[in-house]
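Atoms within a ligand are numbered from 1 in the order they appear, just like the ligands themselves. All values reported here derive from a predicted model rather than from experimental measurement.
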Amino acid sequence: MNPETILCIDNLTKSMDDGQDAPFQLYQQVNLTMTTGQSIALVGPSGCGKSTLLSIIAGLEPFSQGEVWLFGQALSQLHDEQLCRLRSQYLGFVFQSFMLIPGFSAAENLQMARFIQGQPLSFASAQAVLDQVGLADKANRDVAHLSGGEQQRVALARAIVSKPKLLLADEPTGNLDPATGERISDLMFELNERHQIALILATHDSQLAARCERCYTIRQGSLYAND
Ligand SMILES: Nc1ncnc2c1ncn2[C@@H]1O[C@H](COP(=O)(O)OP(=O)(O)O)[C@@H](O)[C@H]1O
Ligand SMILES: [Mg+2]
């Protein structure tokens with residue numbers, strides 16, 4: 001494997017069975033390779049499997065067959081604690097539903113994320129990262145009292161506070177007005193260029209997808225490269 005390879009998805013298959021509907025094959029033979037600092041967009045209609053693929057890459061969701069190599073480690077071989085360590089070492093994740101902790105301020109959400117990673121973060125440092133997403137003045141605000149767009153920006157701030165090598169972002173501009181969306185896109189690509197943070201973005205935003213080096217559509221369980 002090329003030493004620059006940070007992600008290699010090898011013949012991935014996943015069957016879904018929620019115990020109610022008939023089981024179905026969400027992915028069949030998905031292959032994808034990514035090297036340091038690349039940017040990839042995942043597009044496709046709702047329900048095609050963008051979010052689930054991001055979760056699989058992050059080791060948050062199991063798969064049926066094949067292998068996912070992340071920073072040289074085969075995910076199928078790792079137990080939960082090792083997956084946690086791998087995530088905290090290399091990954092930032094912006095969830096579609098944000099997954100912020102209500103009852104805590106924006107700054108505290110960032111501080112808690114770092115605390116769990118064993119890296120205490122001062123209020124001033126948390127505020128500096130919130131400033132990057134335009135929310136320095138909301139650092140003390142309970143995240144439950146922020147708008148959807150503001151919560152999304154806190155989620156991005158939390159994902160980048162650890163300076164990850166790979167940022168997985170699920171519809172990161174989905175709740176933002178066009179101007180704020182562009183600002184957030186600019187920030188992600190600035191991080192990508194300046195710090196070589198690789199990006200995988202699941203998105204319906206065609207402008208955002210067009211900024212990525214590569215774009216794949218998920219259709220009927222397979223990835224198709226867009227020209
Ligand atoms: N936990 C689950 N159990 C069963 N089916 C699921 C589960 N999570 C997602 N799905 C199904 O998998 C498919 C892909 O979902 P998802 O990855 O969220 O798509 P997208 O992000 O592209 O909208 C959908 O048909 C969805 O209903
Ligand atoms: Mg989704």
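Protein N/O/S atoms nearer than 2.8 Å to the Mg ion (ligand 2) total 2.
In the model, S125 has a side-chain atom that pairs as donor or acceptor with a side-chain atom of S122 under 3.5 Å. Checking N226 against T217 by side-chain atom types alone, a donor-acceptor pair falls below 3.5 Å. Side-chain polar atoms of Q96 and S51 form a donor-acceptor pair below 3.5 angstrom. Side-chain contact, R114 with Q117: a donor N or O sits under 3.5 Å from an acceptor N or O.
Here the side chains of L187 and Q132 are in contact, with some heavy-atom distance below 4.5 Å.
Looking from atom 4 (C) of ligand 1 to the surrounding protein, the closest heavy atom is D18 CB, 3.5 Å. Among protein heavy atoms, atom 5 (N) of ligand 1 sits closest to M16 CE, 3.4 Å. Scanning all protein heavy atoms for the shortest distance to atom 16 (P) of ligand 1 gives T52 OG1, 3.6 Å. The protein non-hydrogen atom at the shortest distance from atom 18 (O) of ligand 1 is S51 CB, 3.7 Å. The nearest heavy-atom contact from the protein to atom 25 (O) of ligand 1 is G47 O, 3.7 Å. Regarding atom 19 (O) of ligand 1, its nearest protein heavy-atom neighbour is G49 N, 3.2 Å.
Here the straight-line distance linking atom OG of S185 with atom CG of L199 works out to 10.0 Å at 0.5 Å rounding. Note that the OG atom of S105 and the NE2 atom of H145 stand 12.0 Å from one another [nearest 0.5 Å]. Summarising the geometry, atom CD belonging to Q89 is positioned 12.5 Å from atom SG belonging to C84; distances are rounded to the nearest 0.5 Å. The distance from the CG atom of L91 to the NZ atom of K165 is 11.5 Å, given to the nearest 0.5 Å.
Between K50 and ligand 1, at least one pair of N/O atoms sits closer than 3.5 Å.
Numbered from 1 in the order shown, with element, the atoms of ligand 1 that lie under 4.0 Å from a heavy atom of C48 read 19 (O), 22 (O).
For E67, the CD atom counts as densely surrounded, since its 6.0 Å shell holds more than 12 non-hydrogen atoms of other residues, nucleotides or ligands.
The pair E61-K14 meets the salt-bridge criterion, since a charged nitrogen lies less than 4.0 angstrom from a carboxylate oxygen.
Note on ligand 1: G44 sits outside its first shell, no heavy atom being nearer than 4.0 Å.
At a 4.0 Å heavy-atom cut-off, ligand 1 touches L26 through the side chain alone.
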